[in-house]
Novice: 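Questions regarding the structure given below will be posed in turn.
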Amino acid sequence: AQTVTQSQPEMSVQEAETVTLSCTYDTSESDYYLFWYKQPPSRQMILVIRQEAYKQQNATENRFSVNFQKAAKSFSLKISDSQLGDAAMYFCAYRFQGAQKLVFGQGTRLTINP
Amino acid sequence: DVKVTQSSRYLVKRTGEKVFLECVQDMDHENMFWYRQDPGLGLRLIYFSYDVKMKEKGDIPEGYSVSREKKERFSLILESASTNQTSMYLCASSILGTGDRETQYFGPGTRLLVL
């Protein structure tokens with residue numbers, strides 16, 4: 001069975017600095033997708049960034065980028081120039097090619113200190 | 001924009017009550033999902049549906065059932081609520097497919113307290 005592990009329950013960073021959230025996963029599949037979702041306090045969960053396993057290039061979305069290490073089964077999220085609005089729960093998720101459902105990690109609560 | 005709505009943001013029920021949680025999406029998505037979110041456990045899939053009247057068990061279906069009579073609506077039913085079902089319930093929807101464009105869109109969540 002596929003599993004996703006986020007080993008950092010909580011992280012904090014000073015505003016304008018860079019923070020990296022860790023995620024590891026376990027799968028025997030070769031074709032799959034990885035996601036980072038953001039859940040702000042009392043607001044809906046939204047997709048931050050997506051990575052296809054067959055792509056070697058790391059995905060980027062503005063201040064958000066990933067470090068995808070397929071052999072190590074690692075998928076970390078880097079947030080540059082942190083802003084107060086980045087404060088949220090962040091969930092790493094996995095879906096293998098051919099499946100409809102996502103497998104989520106435990107989540108990391110990110111606090112931004114002004 | 002995709003909109004996924006849930007019937008209640010907060011709900012308080014008593015042990016043994018039958019509880020209905022409703023989810024509606026407006027993007028004609030085939031897939032709909034019910035998750036449960038608990039601290040330290042992340043999101044766990046309860047049930048999902050890929051078409052009207054079709055359903056598949058997720059990882060934790062015990063104590064729950066679902067109904068999908070119309071494409072836009074997916075209901076989660078707690079037949080006899082218990083205190084260990086106190087949790088945040090999230091609904092999501094997505095288009096049917098297995099490629100790289102099938103993003104799940106989430107509702108705001110229902111925080112259920114069972115006394």
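Residue numbers begin at 1 in each chain, while the letters A, B, ... track the order of the sequences.
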Novice: May I ask you to list the residues in residues 70-78 of chain B that approach chain A closer than 4.5 angstrom, counting heavy atoms only, ordered by number?
Specialist: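 Against chain A, none of the residues of residues 70-78 of chain B fall inside the cut-off of heavy atoms under 4.5 Å.
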Novice: So what's closer than 4.5 Å to chain A heavy atoms on B/Asp38: side chain, backbone, both or neither?
Specialist: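 Contact with chain A: none, neither part.
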Novice: Side chain, backbone, both or neither: which part of B/Arg9 has an atom under 4.5 Å from a heavy atom of chain A?
Specialist: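 B/Arg9 touches chain A through side-chain heavy atoms alone.
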Novice: Would you kindly confirm whether B/Phe48 and B/Val52 end up in one hydrophobic cluster when ILVMFWY residues are joined by side chain heavy atoms under 4.5 Å apart?
Specialist: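 No, B/Phe48 and B/Val52 fall in different hydrophobic clusters.
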Novice: What is the distance from atom OH of B/Tyr35 to atom CE of A/Met45, rounded to the nearest 0.5 Å?
Specialist: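 That separation rounds to 8.5 Å.
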Novice: Anything in residues 101-114 of chain A with a heavy-atom distance to chain B below 4.5 Å? Please list those residues in order.
Specialist: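 The stretch touches chain B at A/Lys101, A/Leu102, A/Phe104, A/Gly105, A/Gln106.
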Novice: Count the heavy atoms belonging to other residues, nucleotides or ligands that lie under 6.0 Å from NZ of A/Lys78, then report whether that count exceeds 12.
Specialist: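 Atom NZ in A/Lys78 is not packed in, count stays at 12 or less.
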Novice: Honestly curious: do A/Leu47 and B/Met32 fall in one hydrophobic cluster under the side-chain, below-4.5 Å linking rule?
Specialist: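 Unlinked, A/Leu47 and B/Met32 end up in two clusters.
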Novice: Does one hydrophobic cluster hold both B/Leu112 and B/Phe106, with members joined at side-chain heavy-atom distances below 4.5 Å?
Specialist: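 No, it is not one cluster - the side chains of B/Leu112 and B/Phe106 are not joined through contacts under 4.5 Å.
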Novice: Give a yes or no on whether B/Asn84 atom CG has more than 12 heavy-atom contacts from other residues, nucleotides or ligands under 6.0 Å away.
Specialist: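 Yes, the 6.0 Å shell around CG holds more than 12 heavy atoms from other groups.
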Novice: Between CG of B/Leu45 and CD of A/Gln100, what distance do you get to the nearest 0.5 Å?
Specialist: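 Output value for this atom pair is 11.5 Å.
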Novice: Quick check on the hydrophobic clustering: are A/Phe64 and A/Leu84 connected, directly or via other members, by side-chain heavy-atom contacts under 4.5 Å?
Specialist: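 Cluster IDs for A/Phe64 and A/Leu84 match.
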Novice: Between A/Phe96 and A/Phe75, is there shared hydrophobic-cluster membership here, with clusters defined by ILVMFWY side-chain heavy atoms closer than 4.5 Å?
Specialist: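 Same cluster.
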Novice: Can you sort out the partners of B/Gln37 under side-chain contact (heavy atoms from CB on, under 4.5 Å), two or more places apart, ordered by chain and number?
Specialist: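 For B/Gln37, the residues satisfying side-chain contact (heavy atoms from CB on, under 4.5 Å) (neighbours in sequence not counted) are A/Gln39, A/Phe91, B/Leu43, B/Met88, B/Leu90.
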Novice: For A/Arg63, does the CZ atom have more than 12 heavy-atom neighbours from other residues, nucleotides or ligands under 6.0 Å away?
Specialist: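 Count over threshold, so yes.
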Novice: Give the interface residues of residues 11-24 of chain B toward chain A, defined by a heavy-atom separation under 4.5 Å.
Specialist: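 So far as heavy atoms go, nothing in residues 11-24 of chain B approaches chain A to under 4.5 Å.
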Novice: Look at the side chain of A/Tyr37 and the backbone N and O of B/Gln104, then say whether any donor-acceptor pair between them is shorter than 3.5 Å.
Specialist: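 Yes, because the side chain of A/Tyr37 sits within donor-acceptor range (under 3.5 Å) of the backbone of B/Gln104.
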